[in-house]
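Single-structure report; data block below.
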Amino acid sequence: MALKAPHISTGAMGENDDHFRDECGVYGIFGHPDASAHCALGLHALQHRGQEAAGIVSYDGDHFYSHRALGLVGDNFNRPELIHGLKGAQAIGHVRYSTAGETMLRNVQPLFAELSFGGLSLAHNGNLTNAFTLRKQLISQGCLFQSTSDTEVIVHLMAVSRKEKVEDRLLEALQQITGAYSLIAMSEDLLVAARDPLGVRPLVLGKLDDAFVVASETCAFDIIGAKFIRDIEPGEVLVINHDGLRSIHPFKDKASSRFCVFEYIYFARPDSLIDGRNVYEGRKRIGAELARESKLEADVVVPVPDSGVPAAIGYAAESNIPFELGIIRNHYVGRTFIEPTQNVRNLGVKLKHNANFAMLKGKRVILVDDSIVRGTTSKKIVQMVREAGAKEVHMRIASPPTTHSCFYGVDTPSRDQLLAANHSVDEIAKIINVDSLAFISLDGLYRAMGELHRNVVPQFCDACFTGDYAIPLVDKDGGESNTKLQSRLAEI
């Protein structure tokens, strides 16, 4: 979790990478002799949540072992001797997507520190909205920060605590932080997992033989054959040690759950199960609801791969229009290289997508995608489909217009760069050059999620569509002193 200024980074999301990015995934296992190997496999399954860095910390009863590196899990945890060197029956891991500035090794998690009680390792998914405020207070107390990570704020809060037990120090720290978080902490004799009081970011509990496993998504259990037990509840703290599992609920006056609805739209892997909902089925229902709301005569429904596929399947089934793969994605392309000229730069989208001419020529095409952020990729894909000979091009979006930035652990552009924040639907249609454009309505999205409509107190976090921020944006409203600190950190 890179500590980012509340104005939201724009550097990490490239011109041809026009989707939101979830910042990271976490994984922990306690009580298994092959803990690190299983942790590495779990991180493979969570790779979609962060592709820029990965790390594992383990403990064998005497020593902590760590390996953190920039790059993909498969590129860094691919040697048996490395996995064997991460000894012990307990381990936690993390995959990271950076949000601001350069990806630096010192920001790669899990973080590790020697505190008065011994070693502590911590991994975190989400974003603390009062990290800068707390950081200033801790610095004034003499704390020395080694990273620009908001996660390190939690480490220092635990370090200055006068509580004796590790879990009590963490509980005290959690009472001081504000934001969205799912975190895993590991000390010499226990593993602790926690979600914020509104449960914005996902965290699930499983079991493998006698070992407990915690991860961001259930797909990380499937890869090692672990059994899914349940979602960790909003505001719940789980303490796992050799005596078993203990649940603590420190936030007695918490509000209702506000899980991030964009996890269902885009972030989570389609084969994951979240809060009793299969993500793939949820995306198909979104597509079906979208078709009911915006009926249109056409010859073919084409997904923008890969994120638009399930919604396009649902749309095609509901509308009785054939589903075809009219765009083929190259799965072996990473982040687009820095092109030297504008002419070559405009070809960047074709590194990832190519038109399937036979399915598009002479057809009235409905393109289905999960979202429109800046609109740069949408515009180029529409142009590509038109050049392939499409008679008409219509776009249907499986989320409401994205009009606000996220401050809860998702990499989004500043609001002035969000296309829907500054243009009407008709204006966006002209900008991306489609014959028609429609987004699913907010109530339609809720219906697809099994709700009748959006309540006055929403069932999900939908701030990116509504600006209804359920968690206080402490740093954003913190005044000039916070802004100066943010600027200094951004330069580091």
Take atom [atom1] in [X]; do more than 12 heavy atoms of anything else shown fall under 6.0 Å from it?
X: Arg230; atom1: CZ; value: yes
X: Lys207; atom1: NZ; value: yes
X: Asp210; atom1: CG; value: no

* Asked: Aromatic rings Phe259 and Tyr264: how do their planes relate, parallel, tilted or perpendicular, breaks at 30° and 60°?
  -> perpendicular
* To do: If the plane angle is over 60° it's perpendicular, under 30° parallel, otherwise tilted; pick one for Tyr469 and Phe407.
  => perpendicular
Could you tell me whether the side chains of [X] and [Y] share a donor-acceptor contact shorter than 3.5 Å?
X: Asp370; Y: Ser399; value: no
X: Asp475; Y: Thr133; value: yes
X: Tyr446; Y: Asp462; value: yes

* Are Thr402 and Phe465 side-chain neighbours, meaning at least one heavy-atom pair lies under 4.5 Å? -> yes
For [X] and [Y], work out which heavy atoms get closest and say how close.
X: Asn127; Y: Gly409; result: CB-N, 3.3 Å
X: Glu172; Y: Arg162; result: OE1-N, 4.3 Å
X: Leu128; Y: Asp150; result: N-OD2, 3.1 Å
X: Ile248; Y: Pro250; result: O-CD, 3.4 Å
X: Ser121; Y: Pro110; result: OG-CB, 3.3 Å
X: Gln175; Y: Phe251; result: OE1-CE2, 3.9 Å

* Asked: By ring pair (Phe, Tyr, Trp, His ring centres under 6.0 Å), which residues pair with Tyr315, not counting sequence neighbours?
  -> none
* Asked: Atom CG in Leu191, atom CZ in Phe212: separation rounded to 0.5 Å?
  -> 11.0 Å
* **For Glu217, salt bridge (Lys or Arg N to Asp or Glu O under 4.0 Å) partners two or more places apart** => Arg49
* Asked: Less than 4.0 Å between a side-chain N and a carboxylate O, is that true for Arg269 and Asp222?
  -> no
* **Lys/Arg N to Asp/Glu carboxylate O, Arg201 vs Glu263, below 4.0 Å** => yes
* Please confirm whether Phe267 and Phe262 have ring centers closer than 6.0 angstrom. => yes
* Asked: Is it the case that Arg169 places NZ or CZ above or below the six-membered ring of Phe117, under 6.0 angstrom from the centre and within 45 degrees of the axis?
  -> no
* Asked: For Asn455, what residues pass the side chain to side chain donor-acceptor pair (under 3.5 Å) criterion, not counting sequence neighbours?
  -> none
* Spell out, as yes or no, whether a donor-acceptor pair under 3.5 Å connects the side chain of Asp443 to the backbone of Arg454. => yes
